[in-house]
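Here is the structure we will look at.
Keep in mind it's a predicted model, so treat the numbers as computed, not measured. To find a chain, count down the sequence lines: A is the first, B the second, and so on, and within it residues start at 1.
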Amino acid sequence: MTLETLDAALRPALFEYLLRLGDDALILGHRLSEWCGHGPYLEEDIALANLALDCLGHAEALLTLAGEVEGRGRTADDLAFLRDAYDFRNVQMVELPRGDFAFTITRQFLFATYACLLYEALQQSAFEPLAGIAAKAHKEMRYHLRHSSEWMRCLGDGTDESHRRAQTALDELWMYTGELFEVDDTLRTLTEARIAPDMAALQPKWREQVEAVLREATLTVPEDPPYMATGGRRGHHTEHLGHLLAEMQFLQRAYPGAQW
Amino acid sequence: MTLETLDAALRPALFEYLLRLGDDALILGHRLSEWCGHGPYLEEDIALANLALDCLGHAEALLTLAGEVEGRGRTADDLAFLRDAYDFRNVQMVELPRGDFAFTITRQFLFATYACLLYEALQQSAFEPLAGIAAKAHKEMRYHLRHSSEWMRCLGDGTDESHRRAQTALDELWMYTGELFEVDDTLRTLTEARIAPDMAALQPKWREQVEAVLREATLTVPEDPPYMATGGRRGHHTEHLGHLLAEMQFLQRAYPGAQW
Amino acid sequence: MKDEAILEAEFQARIDADEKIEPKDWMPERYRRQLVRMMSQHAHSEIVGMLPEGNWITRAPTLRRKMALLAKVQDEAGHGLYLYSATETLGVDRYQLIRDLLEGRAKYSNIFNYPTLTWADVGVIGWFVDGAAIVNQTMLAKSSYGPYARAMIRICKEEAFHKRQGYEICVTLARGTPEQRRMLQDAINRWWWPTLMMFGPPDDQSPNSAELLRWKVKRKTNDELRQHFINITVPQVLALGMAIPDPELRYDEKTGNWLIGPIDWDEFWRVIRGHGPCNRERLQARRKAHEEGAWVREAVQAYARKRQQQAASTAAEVSHG
Amino acid sequence: MKDEAILEAEFQARIDADEKIEPKDWMPERYRRQLVRMMSQHAHSEIVGMLPEGNWITRAPTLRRKMALLAKVQDEAGHGLYLYSATETLGVDRYQLIRDLLEGRAKYSNIFNYPTLTWADVGVIGWFVDGAAIVNQTMLAKSSYGPYARAMIRICKEEAFHKRQGYEICVTLARGTPEQRRMLQDAINRWWWPTLMMFGPPDDQSPNSAELLRWKVKRKTNDELRQHFINITVPQVLALGMAIPDPELRYDEKTGNWLIGPIDWDEFWRVIRGHGPCNRERLQARRKAHEEGAWVREAVQAYARKRQQQAASTAAEVSHG
């Protein structure tokens with residue numbers, strides 16, 4: 001199925017879904033870019049910038065496709081710089097402030113494990129443009145996963161301080177992992193149309209891979225809390241997203257219509 | 001001299017001058033408001049909010065008057081929320097991030113000593129609307145000065161830690177004090193027209209009052225550095241102002257023309 | 001010492017005669033503990049409540065709104081101080097109460113465990129949350145414990161002003177652009193049900209109600225107060241052309257009450273047990289401010305001691321001089 | 001060991017014959033120290049230079065610009081790494097060099113002590129600052145010290161790409177709205193003179209020049225390089241309809257040079273001695289990143305040690321197994 005042969009009835013759900021994937025990559029890329037020039041040492045500064053560039057690249061491809069599916073002429077920049085917080089569809093995990101290096105790495109690890117499984121499955125998406133993006137993204141996400149998994153072992157099994165910080169980050173982030181695998185009507189519609197994978201099927205694999213690395217890192221897998229953060233897919237975010245957008249969008253908001 | 005009888009030739013200089021005073025109060029008030037809910041203890045949370053409210057009140061009066069003098073129909077809100085950084089005329093000292101409590105208090109002390117002398121003198125301004133604002137502002141600034149002077153003595157002569165933090169703040173802020181007393185053509189024009197006081201005459205008094213309190217606080221008066229920060233009065237600021245405005249102005253920028 | 005039972009009977013008689021109990025009067029230990037719980041929770045709620053609204057001070061869209069919001073949050077700090085002192089009349093120490101809060105032992109009003117996502121949230125919090133607080137506090141203003149009743153009377157006046165400000169923000173949004181109307185409806189959708197939960201569990205599940213009513217600490221039940229709030233607020237929302245997020249909402253001619261669909265009490269108990277969207281962040285913010293202020297508080301004490309020593313030594317010189 | 005004077009003469013002969021000096025070759029101690037100074041300053045400049053441009057990554061106005069700027073700043077980190085390793089060929093340790101920077105003993109290029117106030121600054125830095133760097137580095141690419149020359153050749157290629165990106169941003173602004181043209185002119189006004197200072201003090205006041213020329217570490221004088229940059233850049237600025245902030249600027253038909261008014265060398269020496277707008281903030285930012293990364297570096301070492309011990313013990317088992 002291509003953009004032209006796409007069943008019109010699927011467009012709204014597909015537009016929503018592409019916003020979800022695109023906003024996840026955009027907001028995570030933005031948080032990672034905040035480390036540039038401030039990393040623990042030069043080599044890691046460069047590595048984090050690579051991760052950010054990959055994410056922003058995925059965001060541009062996915063948001064461009066989202067605009068084409070929506071069919072109202074919106075570009076990736078329009079979507080990134082001219083929507084307010086409640087029109088964003090990213091999971092809340094990616095918008096949280098970067099915290100210390102352990103928080104950023106733990107988030108990368110939890111998210112990259114999910115994104116790797118997701119993009120691997122999306123390579124078989126019935127929607128060809130999405131399958132194309134997924135193929136490239138999957139290769140890059142495999143590196144993200146290797147990088148963050150290695151760091152989890154290092155921090156978990158490094159010093160008492162790095163272990164403490166990694167465990168704290170894990171405990172704080174765990175309530176944000178449930179949202180990654182939420183299934184709602186939008187997703188069901190696209191899964192039936194074989195455009196999106198069945199997220200419920202991916203969760204056990206995600207859990208298995210995460211627990212394996214955490215064990216090697218001598219870290220404790222947190223209890224699933226009674227309340228898993230939710231709402232991001234419906235535009236209900238944390239108080240952090242609004243502040244992030246105020247900074248990210250300033251120039252396009254202050255100089256409407258200007259070319260950059 | 002009232003708005004009506006104001007000599008047209010003086011309008012540009014007077015507009016610039018009112019922006020300087022208004023922007024100082026606006027940006028300092030904004031930084032002070034960031035403490036709300038985060039103060040060292042409740043009573044001080046309330047006190048800092050009072051200081052912020054006074055500053056924002058001065059800003060509204062001064063920017064409203066600036067708009068009237070400019071005569072292009074700009075309101076205080078237009079000036080506060082729709083100018084970019086290089087159109088702001090505040091001294092750089094007020095835009096610096098709030099830092100720790102010692103930094104905020106030391107800035108308050110250095111600025112309030114200046115503002116007290118300034119508004120006292122401005123009560124005799126030939127431009128009546130400005131004299132009116134100054135009368136009210138001077139009363140409030142006297143409280144600001146008492147509050148911050150008392151705190152300087154407490155921090156300076158409290159514990160080793162509070163002394164160290166206060167001295168560090170003083171050393172970092174000292175390079176920003178010169179700009180308070182800069183004299184340029186705009187000021188000379190208004191001083192000749194007896195609208196603005198002769199700042200050069202106020203500096204020795206400022207220095208005398210500051211050194212007296214610092215002595216009681218057992219703090220060392222820093223050397224005047226070869227480079228006193230400058231540029232704020234000409235729209236050249238620090239890298240901090242742009243980030244502050246991106247947050248402060250978001251709603252007016254994102255929803256142009258809306259009433260709030 | 002009079003026999004406990006007699007004391008208790010005399011106490012109950014004073015309550016039935018609508019007398020105010022004052023700090024120095026005899027009171028059953030349970031009465032004291034119930035009041036310490038209620039008043040300290042109320043004080044904690046005022047302090048934690050500064051954070052959600054405080055989140056928008058730096059982005060308030062006009063100078064007037066910025067000053068009004070800052071003044072409002074400042075008032076809440078004042079309410080907190082006032083209530084902590086009122087609680088201290090029951091023989092507890094303010095710093096111990098604050099430690100209980102920071103170490104997660106003390107409760108505060110659930111409503112502040114929800115995030116303020118847009119400027120419309122600031123308006124709706126003033127309108128709904130302060131509105132609900134006023135309904136509660138107007139009743140508590142007749143509470144049998146003197147210091148609490150007097151605190152409520154004063155706080156109620158300021159809350160009424162806050163509610164008007166919040167409502168006025170919402171009226172401006174309702175009359176604004178389509179995006180502003182959408183922003184307002186989104187905020188109403190998120191804050192309606194949590195506000196109804198502010199009145200506490202339904203009467204049949206409210207552990208403290210009976211006793212508090214008998215001692216006239218409370219004068220009305222949770223459901224009565226909730227219904228009162230609903231009857232005031234629903235017409236206001238509809239008048240702005242906004243919708244209430246409750247498909248089962250309907251007006252009952254006979255009783256003149258607006259009847260609502262079921263409240264999600266699972267969410268209520270879950271958030272109370274610390275599992276709401278912002279529970280962790282609110283306490284972290286309070287702890288951070290407290291810890292970063294430690295050196296300031298130490299400096300204040302050290303400076304005060306030095307002043308006393310100096311005053312003592314000068315006094316000594318004067319007397320020997 | 002040959003007599004020092006003979007060694008020096010042979011060394012000078014190799015220089016005069018345009019041979020490259022390699023790490024293992026004999027070199028006068030002064031030659032080594034001059035190169036350590038120049039190369040470490042260059043490495044420090046790349047690292048500190050990440051901060052002014054990094055200030056705009058989170059506010060870049062489009063996704064393309066955001067990625068391009070992030071990639072550029074990342075390149076600078078790469079250049080820093082490359083230059084630190086090249087400097088280590090002279091027998092100094094990278095961490096000692098970084099400690100000198102963080103403790104304020106080492107210098108870095110003055111230009112990064114100026115603030116980036118608008119998005120136009122990002123364009124002008126690419127165009128002017130990278131432009132000046134290219135002029136400098138093209139010359140240094142023929143430097144007599146092998147590792148430095150090779151580093152310059154590689155870095156120059158990437159700088160050329162960065163300069164084109166910066167220039168392209170400025171062209172877009174020049175063709176944009178009146179506010180964008182104004183933003184560009186304001187940035188040109190602030191960066192023109194500091195960029196000219198990047199070439200160092202005038203030849204008659206340049207302490208190191210003579211020696212560096214003799215040893216062909218440098219092939220041209222500061223003033224020659226400066227003039228070369230001016231001749232390239234002035235026409236580009238005028239072509240965009242922008243002005244150079246120099247009332248005395250004029251074209252000299254005879255020499256084909258653009259002649260400029262006097263440079264404010266007081267400002268140059270003041271900023272070098274640490275009294276520019278951002279000197280304190282740049283070092284504070286670098287120190288903060290270094291200090292907050294300490295526990296990470298410790299974890300990396302501890303983890304590596306554990307891996308080695310495990311590898312050693314498994315090897316032992318295998319051999320005894």
Side-chain angles (χ1 to χ4, degrees), chain A residues 26 29-50 52-53 56-57 59-60 63-64 75-77 79-81 100-102 105 150-151 153-166 244 247-252 254-255 257-260, chain D residues 46-71 73-78 80-81 84 94-95 98 118-119 169 172-173 175-177 179-180 183 285-286 288-290 292-307:
Chain A
L26 172 65
H30 181 91
R31 282 301 190 208
L32 283 167
S33 77
E34 290 174 352
W35 278 98
C36 192
H38 308 283
Y41 51 93
L42 270 177
E43 289 81 352
E44 196 50 33
D45 221 303
I46 293 172
L48 290 175
N50 274 335
L53 284 166
L56 293 170
E60 189 179 35
L63 293 179
T64 299
T75 65
D77 282 338
L79 292 169
F81 293 92
D100 66 3
F101 186 71
I105 285 296
E150 188 46 29
W151 266 114
R153 294 187 197 93
C154 170
L155 298 183
D157 195 16
T159 59
D160 294 345
E161 164 115 10
S162 65
H163 181 90
R164 182 184 60 76
R165 283 174 184 258
L244 182 154
E247 181 173 24
M248 186 172 88
Q249 302 181 335
F250 178 74
L251 281 173
Q252 289 231 15
Y255 299 91
Q259 296 305 315
W260 300 96
Chain D
E46 297 282 352
I47 305 311
V48 176
M50 292 171 72
L51 296 171
E53 288 170 299
N55 179 40
W56 279 89
I57 289 173
T58 54
R59 288 174 293 170
T62 68
L63 292 176
R64 282 280 162 69
R65 294 297 189 205
K66 196 183 189 75
M67 288 188 271
L69 181 57
L70 182 54
V73 177
Q74 183 191 38
D75 284 350
E76 282 150 16
L81 262 186
Y84 280 129
R94 159 180 166 187
Y95 296 104
I98 289 178
T118 71
W119 173 250
I169 287 174
T172 311
L173 294 174
R175 292 187 187 139
T177 64
E179 291 116 330
Q180 287 181 298
M183 192 190 282
R286 286 310 319 158
K288 184 169 186 289
H290 189 73
E292 286 177 1
W295 67 270
V296 179
R297 297 191 296 274
E298 281 146 29
V300 169
Q301 277 148 16
Y303 182 65
R305 270 196 307 277
K306 285 184 186 177
R307 287 289 75 68

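- When heavy atoms are compared at a cutoff of 4.5 Å, A:Trp151 approaches chain D solely by way of its side chain, counted from C-beta outward.
- Looking at A:Phe81, only its side chain comes within 4.5 Å of chain D, counting heavy atoms on both sides.
- We find the CE-OG distance between D:Met67 and A:Ser33 to be 11.5 Å, quoted to the nearest 0.5 Å.
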Requested in this report: I would like to know whether D:Trp56 and A:Leu251 meet side chain to side chain contact (heavy atoms under 4.5 Å, CB included); could you show each step before the answer?
Outcome: CA-CA 11 Å; D:Trp56 279 89; A:Leu251 281 173; 3.9 Å; yes

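- Within the model, atoms OH of A:Tyr255 and CE of D:Met183 stand 3.5 Å from one another, a figure rounded to the nearest 0.5 Å.
- At a 4.5 Å heavy-atom cutoff, D:Ile98 makes no contact with chain A through either its backbone or its side chain.
- Counting heavy atoms from C-beta outward, D:Leu81 and A:Ile46 have side chains that approach closer than 4.5 Å.
- Neither side chain, D:Glu298 nor A:Thr159, offers a donor N or O lying under 3.5 Å from an acceptor on the other.
- Contact count versus chain D (heavy atoms, under 4.5 Å) is highest, among A:Ile105, A:Asp45, A:Leu42, A:Leu26, for A:Leu42.
- Here the side chain of D:Gln180 pairs a donor or acceptor atom with the backbone of A:Gln259 at under 3.5 angstrom.
- Taking chain A as the reference chain and counting heavy-atom pairs below 4.5 Å, the highest number among D:Leu63, D:Thr172, D:Asp75, D:Thr118 is found for D:Leu63.
- Annotation: the span from D:Lys66 atom NZ to A:His30 atom NE2 amounts to 4.5 Å, rounded to 0.5 Å.
- In this structure, D:Ala289 and A:Gly37 approach most closely via the heavy-atom pair CB-O, 4.4 Å.
- With a 4.5 Å cut-off on side-chain heavy atoms, D:Thr58 and A:Met248 do not count as touching.
- Contacts of A:Ala80 with chain D are made by side-chain atoms alone, with heavy-atom separations under 4.5 Å and no backbone atom involved.
- Contact annotation for D:Ala60: only backbone heavy atoms (N, CA, C, O) come within less than 4.5 Å of a heavy atom of chain A.
- Closest non-hydrogen pair, A:Gly158 versus D:Ala302, comes out as O-CB, 3.7 Å.
- Distance alone, capped at 3.5 Å, places no donor-acceptor pair between the D:Arg297 side chain and the A:Tyr41 backbone.
- Of the possible donor and acceptor atoms, none in the side chain of D:Gln74 sits under 3.5 Å from a partner among the backbone N and O of A:Ala49.
- Neither the backbone nor the side chain of A:Asp160 comes within contact range of chain D; no heavy atom of the residue lies under 4.5 Å from a heavy atom of that chain.
- Between D:Pro61 and A:Gln252 the shortest heavy-atom distance is O-NE2, 2.8 Å.
- Contact of A:Leu48 with chain D is not made at all, since no heavy-atom distance falls under 4.5 Å.
- Within the 3.5 Å criterion, the main-chain N or O of A:Gln249 finds no donor-acceptor partner in the side chain of D:Arg59.
- Across A:Pro40 and D:Val296, no two heavy atoms sit closer than the pair CB-CB, 3.9 Å.
- The existence of a salt bridge linking A:Asp157 and D:Arg307 is confirmed by a sub-4.0 Å separation between a basic side-chain nitrogen and an acidic carboxylate oxygen.
- Only the side chain of A:Arg165 comes within contact range of chain D, judged by heavy atoms closer than 4.5 Å.
- The residues A:Glu43 and D:Arg94 are annotated as salt-bridged, a charged nitrogen and a carboxylate oxygen being separated by less than 4.0 angstrom.
- Side-chain N or O atoms of D:Arg64 include none that pairs as donor or acceptor with a backbone N or O of A:Glu60 at under 3.5 Å.
- Side-chain atoms of A:Arg164 and D:Trp295, non-hydrogen and from C-beta on, never get closer than 4.5 Å to each other.
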